[in-house]
Amino acid sequence: MKYYSLNGNTPHVDFALAAVQGQAPDKGLYFPESIPLIDPELIQNIDNYSNAQIAYQIIRPYIGGMISDERLKQIAKETVDFEIPLVDINEKISALELFHGPTLAFKDVGARFMSRCLAELKKTDKQITVLVATSGDTGGAVANGFYNVPGIKVVILYPSKKVSPVQEMQLTALGKNIQALEVNGNFDDCQAMVKQAFMDTEINESIFLTSANSINIARWLPQQFYYAFAYKQWKDKAHPPVICVPSGNFGNLCAGVIAHCSGLPVHHFIAACNVNDSVAQYFTTGIFNAKETIATYSNAMDVGNPSNFPRLVEMMKDHSVSISADTITDEETVSTIQKVYQQYNYLLDPHGAVAYAALETYLEKNPGQKGFILETAHPVKFPEVIESSLSLKIPVPASLENLLQQQKQSILINPSFDELKKFLLNK
């Protein structure tokens, strides 16, 4: 398997180089030369396979022999060694709960897989610096996945006062090889600074830089796994599901789409957006316009210029994908949290609420269909909006109790590339 840049100006590379570089030299996203088909036998008899076996079979063609089969099987097993249940909310809507991993967010899957791949593929004595921007959950998952990995330093940029208290502690409390930079701006500022760092000649000549955002194939591609796990649990396999994905940087939705292009049965995708709806507007008008980011209750989706959008466009050019989008306001988010809890005793986080509202609207217009949402983070990460909406106290999971007692460790910087560059070069 080889990978090419969506900007089309660099040579094709193998998985190892694409994963270590993170982004192509022409600043494009890497994309596989061809999308491998999932073995039809796996799909037809998916109930007979463990999650680790499913993950291994899906990812193996993308690795192209860069990691031995035995080691890849172990990496797949370690990546998905926690529960990922599909839970019925009502007779038409279920939730794929992706928050049972170590940082209580869907990004644990991609971050765990990527950290193990980089440790395996590292062919240099130089320290690798993983540079990542986060709108919420990426930072915690990357910090946990790479914590204490020898030869790898992690630098995380996050927008000050725009992530939840739990999210902030997950990305600032670990210390050691994890450094958090608190940016006095929004996520798009953080993302722009990271992108500029990868374009800066002086930085890249001085340090070995790679990314752990979903632009990196080693973090993006394994997110296919849980779509297959959901299908394994889907009861009515004669009628594939409608899948509604809360979407910000669009890596998660793109992972579902590539799994579908590989043969995973899906009836329809919905990109559920908050008011940062540049992609939703694209599906209405056919024109993509990046927007200034607006802060919302579903903060991990507060992205005005999604990095993974070019991958979605690429797949839609060559494959028939049934997909639509919807925009959900904060007011609708709160009312959905309240309604679902009162009617079904199910507690949604704000991102899941955005997805639920969008899926409910779709199903009302398409009677007879059923689907599921991706519940991407544990509700405890968003206590202010949930507790004020429902007048209840969310119990803190035991896994977080010790973390919340730690001291925040971050460096406050302005949304200035010069400040980031000075930090990276230790000037």
Item checked: Closest non-hydrogen atom pair between Ser324 and His268, with its separation -> OG-NE2, 2.7 Å
Next item on the list: Taking only Lys NZ, Arg NE, NH1 and NH2, and the carboxylate oxygens of Asp or Glu, determine whether Asp47 and Lys237 approach each other closer than 4.0 Å.
Entry: yes
Checklist line | Pairwise side-chain contact, Pro102 with Arg112, heavy-atom cut-off 4.5 Å (strictly under) | finding: yes
Check: Would you call the rings of Phe106 and Tyr226 parallel, tilted or perpendicular, where under 30° means parallel and over 60° means perpendicular?
Finding: perpendicular
Note to self: Please check: side-chain N/O of His12 versus main-chain N/O of Glu33, any donor-acceptor pairing under 3.5 Å?
What the structure shows: no
Notebook entry, point to check: Any side-chain donor paired with an acceptor under 3.5 Å for Gln343 and Asn90?
Noted result: no
Next item on the list: Might you point out which heavy atoms bring Gly371 and Leu359 nearest each other, and give the distance in Å?
Entry: C-CD2, 3.9 Å
Next item on the list: Using a strict 4.0 Å threshold on nitrogen-to-oxygen distance, state whether Glu168 and Lys408 make a salt bridge.
Entry: yes
Notebook entry, point to check: Backbone N or O of Ile152 within a donor-acceptor pair of the Asn177 side chain at under 3.5 Å?
Noted result: yes
Note to self: Would you say Asn216 and Ser211 are linked by a side-chain donor-acceptor pair, where the criterion is simply a distance under 3.5 Å?
What the structure shows: no
Check: What heavy-atom pair brings Ser307 and Gln191 nearest, and what distance separates the two atoms?
Finding: OG-OE1, 3.0 Å
Check: Is the closest side-chain donor-acceptor distance between Gln74 and Glu78 under 3.5 Å?
Finding: yes
Item checked: Short side-chain to backbone donor-acceptor contact, Gln223 and Ala255, under 3.5 Å -> no
Margin query: In the structure I gave you, are the side-chain heavy atoms of Thr172 and Gln406 within less than 4.5 Å of one another anywhere?
Written below: no
Notebook entry, point to check: Looking only at side chains, do Asp302 and Asn274 share a donor and an acceptor under 3.5 Å apart?
Noted result: yes
Margin query: Measuring only between side-chain heavy atoms, which start at C-beta, is Phe250 closer than 4.5 Å to Val279?
Written below: yes
Check: Ring centres of Tyr227 and His260 under 6.0 Å apart?
Finding: no
Check: So which heavy atom on Thr10 is nearest to which on Asp26, and how close?
Finding: CG2-N, 3.4 Å
Next item on the list: Taking only Lys NZ, Arg NE, NH1 and NH2, and the carboxylate oxygens of Asp or Glu, determine whether Arg311 and Glu314 approach each other closer than 4.0 Å.
Entry: no
Checklist line | Ser164 (side chain) donor-acceptor with Lys381 (main chain) under 3.5 angstrom | finding: yes
Check: Would a 4.5 Å heavy-atom cut-off, applied to side chains only, mark Pro350 and Ile386 as touching?
Finding: yes
Item checked: Closest non-hydrogen atom pair between Leu171 and Gly139, with its separation -> CB-C, 3.8 Å
Margin query: Can you confirm whether Met1 sits close enough to Phe15 that some side-chain heavy atom of one is under 4.5 Å from a side-chain heavy atom of the other?
Written below: no
Note to self: Looking at every heavy atom in both Val396 and Leu400, which two are closest together, and how far apart are they?
What the structure shows: CG1-CB, 3.8 Å
Item checked: Min side-chain heavy-atom separation Gln167-Tyr158 under 4.5 Å -> no
Check: Between Asn308 (side chain) and Asn249 (backbone), is there a donor-acceptor pair under 3.5 Å?
Finding: yes
Note to self: Within the structure provided, determine whether Cys117 and Ile67 are in side-chain contact (heavy-atom separation under 4.5 Å).
What the structure shows: yes
Check: Does a side chain donor of either Ser389 or Gln338 reach within less than 3.5 Å of an acceptor in the other side chain?
Finding: no
Margin query: With a 4.5 Å cut-off on side-chain heavy atoms, are Val109 and Thr79 touching?
Written below: yes
